[in-house]
There are 2 protein chains.
Amino acid sequence: MGKPTRTKQLDPAAVCRSSDPMAVRELLTKVGDKWTIFIVLSLDLLGGRARFSELERAVPGISQRMLSSTLKTLERDGMVTRELFPEVPPRVEYEMTDLGRSLLRPTQGLVDWVKENWQQVRDAQSRYDER
Amino acid sequence: MGKPTRTKQLDPAAVCRSSDPMAVRELLTKVGDKWTIFIVLSLDLLGGRARFSELERAVPGISQRMLSSTLKTLERDGMVTRELFPEVPPRVEYEMTDLGRSLLRPTQGLVDWVKENWQQVRDAQSRYDER
DNA sequence: CCCATAACTTACCTCGACGTAAGTGACTGA
DNA sequence: TCAGTCACTTACGTCGAGGTAAGTTATGGG
């Protein structure tokens, strides 16, 4: 009798049931950074379109540097558009694209999960820590 | 006529439509780290229960250090349980909890989004970069 | 002449995530 | 006696995300 070799081999590409597991990680990394969700959800709350300074006020604690760079990434990824009005002082408006809006659905799923389950996570952490 | 003061004030706590926006960010940060999704989805693919070495093989490129520390975080958060069998050499089995499984649903939503929209992101990046 | 304003950029620094490599403990089989 | 196995831990080093603070640009208003 051979010893029970329970070594199921995994197709590396099959992880995530996705043709591109790296893309999934890349997206999660983007969305999981410090400011992206706050900016995206604030922009949505502001009606899908807002100026730089509005977002600055809407996201408490963010610095101009981080707001600027996060918005630039969002723009590069096609999640928002940037429109510059050549006035003085300058005015810039950011608007969510359809692509950006489409990401809100699955994201809201995570928000809902937190609403329902976060207390359980907190409890588990407490149980783990004491002991 | 007053000039259009479009300054909608945001309730900081209302961002994310959640009572605890920080919790949402915390979750995203956890899930958005380098190895968590791969481990969680691999564990699911392996039937919800697997040994350390099985996961090591299932997640190509991960080091023992990162597998160990990520699993420890997952355990602390109540996403997986750890069972040690006092044999020599030791055997340890990790199993997804109901809480962990419940997170798979919204996560799968993101996986699906990537499957359908990632090419658009790639295209947007290309358009942004050339120019 | 000088200041305020909006939307940035630049310089500099810190700190933690993550990688690499080696060590550990307890036992088994050769 | 010695190598091998598994599931780790420890030590050490790098690198980049992100914080802080100051500078920039162009113009109208006092």
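So you know, we letter chains A, B, ... as the sequences are listed, proteins then strands, and number each from 1.
Between the side chain of B:S102 and the main chain of B:L99, a donor-acceptor pair closer than 3.5 Å is present. Here the side chain of B:Q120 pairs no donor or acceptor atom with the backbone of B:N117 at under 3.5 angstrom. Proximity of a side-chain donor or acceptor of B:T36 to a complementary backbone N or O of B:G32 within less than 3.5 Å is not detected. Of the possible polar contacts, one joining the B:T97 side chain to the B:G78 backbone as a donor-acceptor pair under 3.5 Å is found. The backbone N or O of A:W35 sits nowhere less than 3.5 Å from a side-chain atom of B:R25 that would complete a donor-acceptor pair. In terms of modelled atom types and a separation under 3.5 Å, the side chain of B:R101 and the main chain of B:M96 share a donor-acceptor contact.
One atom, NZ of B:K72, and another, P of D:dA7, lie 15 Å apart when rounded to the nearest Å. D:dA7 atom P lies 10 Å from atom CZ of B:R82, rounded to whole Å. Remark: P of D:dC6 and CG of B:L55 are 14 Å apart, rounded to the nearest angstrom. Between the C1' atom of D:dG29 and the CD atom of A:E87 lies a distance of 17 Å, rounded to the nearest Å. Straight-line distance from the CG atom of A:L71 to the C1' atom of C:dT9: 14 Å, rounded to whole Å. Going from atom CG of A:L67 over to atom C1' of D:dA17 covers 16 Å, rounded to whole Å. Across the protein-nucleic acid pair, A:E75 atom CD and C:dA7 atom P stand 15 Å apart, rounded to whole Å. When the P atom of D:dA17 is taken as reference, atom NZ of A:K30 falls 11 Å away, rounded to whole Å.
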Give me the distances for all protein-to-nucleotides 25-30 of chain C N/O pairs that come in under 3.5 Å?
none

Produce the list of close N/O pairs, under 3.5 Å, pairing protein atoms with atoms of nucleotides 16-19 of chain C; give distances to one decimal.
unit_1, atom_1, unit_2, atom_2, d
C:dC18, OP1, B:K34, N, 3.0
C:dG19, OP1, B:K34, NZ, 3.0
C:dG19, OP2, B:W35, NE1, 3.2
C:dG19, N7, B:R65, NE, 3.3
C:dG19, N7, B:R65, NH2, 3.3
C:dG19, O6, B:R65, NE, 3.3
C:dG19, O6, B:R65, NH2, 3.3

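A perpendicular orientation is assigned to the rings of B:W113 and B:W118, their planes being inclined by more than 60° (bins at 30° and 60°).
Criterion: ILVMFWY side-chain heavy atoms under 4.5 Å apart, direct or through other members. Under it, B:F85 and B:V80 are not part of a common hydrophobic cluster.
Phosphate proximity of C:dA7 to A:R51: present, with a side-chain N or O under 4.0 Å from OP1 or OP2.
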Show me, pair by pair, the donor-acceptor contacts under 3.5 angstrom made by side chains of residues 121-128 of chain B, not counting sequence neighbours?
unit_1, atom_1, unit_2, atom_2, d
B:D123, OD1, B:Q119, NE2, 3.0
B:Q125, NE2, A:D77, OD1, 2.9
B:S126, OG, B:R122, O, 3.1

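Within 4.0 Å of A:Y94, counting heavy atoms only, lie sugar-phosphate atoms of the nucleic acid but no base atom.
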